[in-house]
There are 2 protein chains.
Amino acid sequence: MGRTPPHPDSSQFDLQRVLEALVDPVRRSIVTQLDASGEDVACGGFDLPVSKSTATHHFTVLREAGLIRQYYVGTSRMNALRRAELDDVFPGLLDALVRAGRARPGHDEART
Amino acid sequence: MGRTPPHPDSSQFDLQRVLEALVDPVRRSIVTQLDASGEDVACGGFDLPVSKSTATHHFTVLREAGLIRQYYVGTSRMNALRRAELDDVFPGLLDALVRAGRARPGHDEART
DNA sequence: CCAGAAGTACGATGGCTGTCAAACTTCGAT
DNA sequence: ATCGAAGTTTGACAGCCATCGTACTTCTGG
């Protein structure tokens, strides 16, 4: 299992899938935190209001939609935002969402 | 019933709600068609792969999220994209989505 | 070698929501 | 005053998906 899980190529990105991934507040929070941090972040490094197993599920959905890239470092699973590829395929989308999340108090940013 | 139904003020727009509205392919198709047409369109003027009652449901969701404005003309219910207000509150979001829908073959544009 | 940390896998469950058909309401023409 | 067109309402139903706990796997540090 240790090895890197399957990631879609950017040529396979699908808008429907991406939106389904981003419509969940927890997942959007992950993307937002990742974007804000500017660095890759381990699963445990996020502030999420759900159990570990649920978090795993969300990371999987994000990965399969092509939003993040995951790789292992020791026992930690690191997560990287696939910004360049996303911007290439869906120009402006990520930025608009991140901006929107910042502007509106919204249900983003989990826990304190 | 004839009278205009309740519409949220742009100050009440909520990102979560907007995304929940736009994640459905049928609803996104409505928005896309509305954007492409440039004019207000009656409910019956859309090309949708669902029954009338389901369509009514989708229009309601879009209206309550603030994406469209609805008003009656005779027995027809007209739909207008609230573009300016949306652009104001969520800059770039609508454009990014419409562009993305055009670029990727995707599940948008219903029927032929 | 062992304990613990970091995740994953696996069911199970509950709630939401997209879908439809059928009956009803309104408005416009004829 | 009637018929049809355009939507709405209501209720039912099915499928999906976010969530959790528990058990399991792996890797690291002592």
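The chains referred to below are lettered A, B, ... by the order of the sequence lines, with proteins before strands, and numbering in each begins at 1. None of these values were measured; they are calculated from a predicted model.
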- Task: Indicate whether OP1 or OP2 belonging to C:dC20 is found under 4.0 Å from a side-chain N or O atom of B:Ser51.
- Result: yes

- Query: Should B:Thr54 be listed as having a side-chain N or O under 4.0 Å from OP1 or OP2 of C:dC20?
  - Reply: yes

Any base atoms under 4.0 Å from [X], or only sugar-phosphate, or nothing? Heavy atoms, all strands.
X: B:His58; result: sugar-phosphate
X: A:Ala42; result: sugar-phosphate
X: B:Ser76; result: sugar-phosphate

[X] [atom1] - [N] [atom2] separation (whole Å):
X: A:Glu20; N: D:dC17; atom1: CD; atom2: P; answer: 7 Å
X: B:His57; N: D:dG11; atom1: NE2; atom2: C1'; answer: 14 Å
X: A:Phe59; N: D:dT19; atom1: CZ; atom2: C1'; answer: 16 Å
X: B:Gln70; N: D:dA6; atom1: CD; atom2: C1'; answer: 13 Å
X: B:Lys52; N: D:dA6; atom1: NZ; atom2: C1'; answer: 5 Å
X: A:Leu22; N: D:dC17; atom1: CG; atom2: P; answer: 15 Å
X: B:Met78; N: C:dC27; atom1: CE; atom2: P; answer: 17 Å
X: B:Arg17; N: C:dC16; atom1: CZ; atom2: P; answer: 13 Å

- Should the pair B:Arg83-B:Asp95 be classified as a salt bridge under the 4.0 Å nitrogen-to-oxygen rule? yes

- So which one's nearest nucleotide on DNA chain D is more toward 5', A:Val73 or A:Asp24? A:Asp24

- Pick the nucleotide of DNA chain D nearest each of B:Thr56 and A:Gly74; which residue has the one closer to the 5' end? B:Thr56

- Counting heavy atoms not belonging to B:Glu39, are there more than 12 under 6.0 Å from its CD? no

- Message: Give me the atom names and distance for the closest heavy-atom approach of A:Arg27 to A:His58.
- Response: NH1-ND1, 3.1 Å

- Task: Kindly give the heavy-atom pair with the smallest separation between B:Phe90 and A:Ala100, and that separation in Å.
- Result: CD2-CB, 3.5 Å

Would you indicate which nucleotide in [options] comes nearest to any side-chain atom of [X]?
X: A:Val50; options: C:dT19, C:dC20, D:dC20; value: D:dC20
X: A:Ser53; options: C:dA22, D:dT22, D:dT19; value: D:dT22
X: A:Tyr72; options: D:dC20, C:dG7, C:dG18; value: C:dG7

- Task: Let me know which of B:Gln70, B:Arg69, B:Arg63 forms a side chain to side chain donor-acceptor pair (under 3.5 Å) with B:Asn79.
- Result: B:Gln70

